[in-house]
Amino acid sequence: MIKIMKQLKFDALRLVIRNKSFLFFTLLMPAGFYLLFTKVMVVGSNPEMHQFYMTYMGSMTIYSGVIGAIFGVATILKNDRDKGLILLLQMTPSGSKNYYISIYTITMLLNLCAVMVLGVLARIFNNIDLSLKQYFMILLIVLVGQVPMLLLGTMMSYFKTQETLSVACNLVVFPLSIVSGLWWPISTMPSWLQGIGKVMPTYFANNLLGKAMLHDQLDLEGFYGIITWIVLMGCMTILVIKIQQKKGLRNSEA
Amino acid sequence: MKQIISVKNLNFSYGETEILKKINLTINKGEIIGLIGENGAGKTTLLNILLGLLPSKNNVQVFGNRPGSLVARKKIGSMLQGDLVLSSVRVDEFLEEVAMQYSNSIPLEQILEQLDLKKHRHKFLKELSGGLMRRVTFAQAVLNNPDLIFLDEPTVGMDAQARHIFWELIEKLREQGKTMIITSHYLEEIQQVASRLIVLQKGKFIFQGTLKELQDRHKQTVITFTSEYEKCVFAELTGIINIEKNSSQVVIKTVDGDNTLKQLLSKYPDVSNIAVEHETLEKIFLQMTTDKEQQ
């Protein structure tokens with residue numbers, strides 16, 4: 001436990017505290033979007049607007065998690081692997097497990113921070129008042145909902161070059177966010193696109209958050225959807241790691 | 001003598017390309033192995049196998065276990081090619097991070113002192129010069145007080161002073177009985193410290209033994225002296241392979257240095273300013289690899 005705490009301190013310092021751009025993208029950008037969209041978009045009457053302020057807070061929380069997992073985790077893992085940090089840790093008695101725990105924990109903690117930041121903004125600017133129980137449910141959904149994204153970020157970290165990774169991140173994050181209704185309501189999209197959007201892990205998480213905030217309840221169906229994605233992504237991650245290890249052997253320098 | 005590494009009949013390929021061929025190697029405690037070979041000879045692959053970074057069968061053992069086992073990881077320190085220049089990390093933070101992974105690490109202050117890194121401890125890694133960064137990488141390799149140290153091109157990028165400090169430290173580690181495997185392109189440095197040399201070419205060991213044995217096998221002694229005799233008269237000396245004369249200075253190469261010198265002194269008393277030089281490791285290495293290429 002002490003080792004994990006020390007690893008967390010080491011990684012938090014280099015990746016978050018001394019890396020302001022990471023904070024900007026994971027916390028400030030979704031917060032900015034939330035304020036902009038809730039002040040610009042008009043979706044109906046006052047009660048409907050109130051609902052929109054709530055659900056959009058959930059959407060931006062999920063969006064923050066997607067950015068943290070895809071742009072954040074994928075880039076961090078790729079950088080650290082390219083520079084040799086992961087290899088160095090693998091050669092020590094502790095191995096690299098504490099490192100991975102630390103990176104995932106930091107990303108999840110940042111997403112929880114995003115909940116707090118968006119919660120404060122929603123309260124100040126849009127008079128959204130959530131109970132402690134609702135916040136507890138939001139935190140739980142956010143944590144579970146981010147796992148498939150963390151696994152996807154881990155897989156994407158195996159892209160060969162930074163440039164490819166950067167392009168792939170953009171190709172995943174923005175379409176995924178749009179199609180699963182994080183930026184604007186999924187009901188505004190064509191039905192065939194809705195069909196795709198409604199099976200995305202981000203849709204399940206967003207839907208869960210919406211129900212938790214609006215109806216004060218947890219939707220088990222949404223959880224099953226996320227768990228299915230966790231199993232699927234977990235298997236794919238293992239497969240990608242195995243393939244990369246084999247490739248790595250072939251490409252290693254003689 | 002306690003055996004640290006045992007390799008029996010190791011072959012390694014990347015797909016169709018054979019990288020290591022029938023490698024047999026035993027390394028005992030306290031030995032310093034100089035592993036030399038051209039680029040692509042298989043040195044790094046061999047080190048990676050011994051470190052457990054590449055797979056091997058039961059024919060490779062490190063500390064009596066498979067490479068990369070927990071026992072081996074506890075007792076090994078490695079300084080691989082390329083430095084870990086993490087952005088936004090200071091020297092002491094990086095070394096603390098590595099030290100944390102071991103239960104038997106040397107106090108940070110001690111290692112900073114030994115490697116003259118105290119004044120640089122708060123610098124960010126990306127601010128360090130190449131030589132200084134190499135020193136930090138070396139500190140990371142010996143932080144856990146390892147019994148076996150892998151040093152892959154350790155002095156690349158170091159200036160003369162840093163190299164001097166580095167080899168002094170290696171000497172101290174040798175006195176402590178540490179086992180080391182060093183690869184380097186600076187062969188004159190390796191020949192100073194290595195107790196055994198291994199020459200690897202195209203995945204095969206073409207020589208294993210001490211520097212003396214290597215010199216004896218490829219022995220060429222260069223004798224330089226001053227004489228007024230014509231150069232052809234020295235051709236009758238034992239073991240001569242080449243004679244050059246420039247005004248009164250004569251340079252002869254011989255494969256039988258001792259006897260050539262004895263005959264020279266007894267037959268030609270007028271010779272003066274005699275200097276005897278053994279062939280350097282670098283020249284022998286070049287000769288060996290060229291010979292094998294031609295074969």
Side-chain angles (χ1 to χ4, degrees), chain A residues 1-24 72 75-103 106 162 241-254, chain B residues 12-20 37 39-46 48-49 51-55 68-78 80-90 93-94 96-105 124-125 137 140-141 143-144 150 200 202-203:
Chain A
M1 195 63 189
I2 293 170
K3 280 187 179 177
I4 292 177
M5 294 308 288
K6 282 185 177 176
Q7 186 69 45
L8 270 170
K9 186 185 160 196
F10 175 76
D11 289 325
L13 205 58
R14 73 188 176 101
L15 300 172
V16 182
I17 296 165
R18 290 180 188 152
N19 187 359
K20 304 288 182 283
S21 62
F22 189 57
L23 277 179
F24 172 79
T75 312
I76 291 165
L77 294 185
K78 167 124 191 87
N79 268 338
D80 288 345
R81 192 175 298 114
D82 287 352
K83 287 183 175 170
L85 177 65
I86 299 179
L87 183 69
L88 173 71
L89 294 173
Q90 279 168 348
M91 289 191 292
T92 66
S94 305
S96 54
K97 66 177 185 302
N98 291 341
Y99 164 82
Y100 283 105
I101 291 172
S102 158
I103 298 297
I106 286 173
Q162 281 290 355
I241 291 171
K242 295 269 179 212
I243 292 169
Q244 290 302 322
Q245 279 173 344
K246 276 191 179 173
K247 260 193 191 171
L249 296 186
R250 267 185 251 128
N251 298 336
S252 292
E253 189 194 344
Chain B
F12 188 86
S13 308
Y14 292 120
E16 299 284 295
T17 319
E18 271 189 300
I19 305 296
L20 296 174
N39 289 338
K43 305 185 297 287
T44 303
T45 302
L46 181 59
N48 284 342
I49 289 172
L51 280 165
L53 301 175
L54 290 173
S69 68
L70 185 61
V71 176
R73 278 185 280 151
K74 277 182 183 171
K75 294 180 175 183
I76 290 176
S78 53
L80 300 181
Q81 284 182 38
D83 297 310
L84 216 166
V85 190
L86 293 169
S87 46
S88 312
V89 175
R90 298 181 199 277
E93 290 166 352
F94 171 62
E96 275 169 12
E97 159 76 2
V98 179
M100 180 185 85
Q101 314 299 327
Y102 298 92
S103 54
N104 56 335
S105 52
F124 284 107
L125 294 175
T137 307
Q140 159 252 299
L143 255 182
N144 60 323
F150 291 92
L200 189 59
K202 290 184 176 169

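Atoms considered below: every heavy atom in the structure, side chains included; atoms not considered: hydrogens, waters and symmetry mates. Convention: sequence-line order gives letters A, B, ...; per-chain numbering from 1. These numbers come from a predicted model, not from an experiment.
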Taking the side chain as everything from C-beta on, heavy atoms only, tell me whether [X] gets closer than 4.5 Å to [Y].
{"X": "Asn79(A)", "Y": "Leu86(B)", "answer": "no"}
{"X": "Glu93(B)", "Y": "Leu13(A)", "answer": "yes"}
{"X": "Gln101(B)", "Y": "Gln7(A)", "answer": "yes"}
{"X": "Lys74(B)", "Y": "Thr92(A)", "answer": "no"}

Identify which part of [X] has an atom lying under 4.5 Å from any heavy atom of chain B, answering side chain, backbone, both or neither.
{"X": "Leu87(A)", "value": "side chain"}
{"X": "Asn19(A)", "value": "neither"}
{"X": "Leu88(A)", "value": "side chain"}
{"X": "Leu15(A)", "value": "neither"}

So which part of [X] gets closer than 4.5 Å to some heavy atom of chain A, the side chain, the backbone, both or neither?
{"X": "Leu84(B)", "answer": "both"}
{"X": "Val71(B)", "answer": "neither"}
{"X": "Asn144(B)", "answer": "neither"}
{"X": "Leu80(B)", "answer": "side chain"}
{"X": "Ser78(B)", "answer": "side chain"}
{"X": "Phe150(B)", "answer": "neither"}

_Nearest atoms (heavy-atom pairs only) where Tyr102(B) meets Met91(A)_ = OH-O, 4.2 Å
*asked:* Has Arg14(A) got a side-chain atom pairing as donor or acceptor with Val89(B)'s backbone, closer than 3.5 angstrom?
replied: no
*Would you find a donor on one side and an acceptor on the other, under 3.5 Å apart, between the side chain of Arg18(A) and the backbone of Ser88(B)?*
yes
*Separation between CD of Gln90(A) and CG of Leu51(B), rounded to the nearest 0.5 Å*: 12.0 Å
*Considering only heavy atoms and a distance below 4.5 Å, find which of Met100(B), Arg90(B), Glu96(B), Gln140(B) pairs most often with chain A.*
Met100(B)
*When you look at NZ of Lys83(A), are more than 12 heavy atoms from neighbouring residues, nucleotides or ligands closer to it than 6.0 Å?*
yes
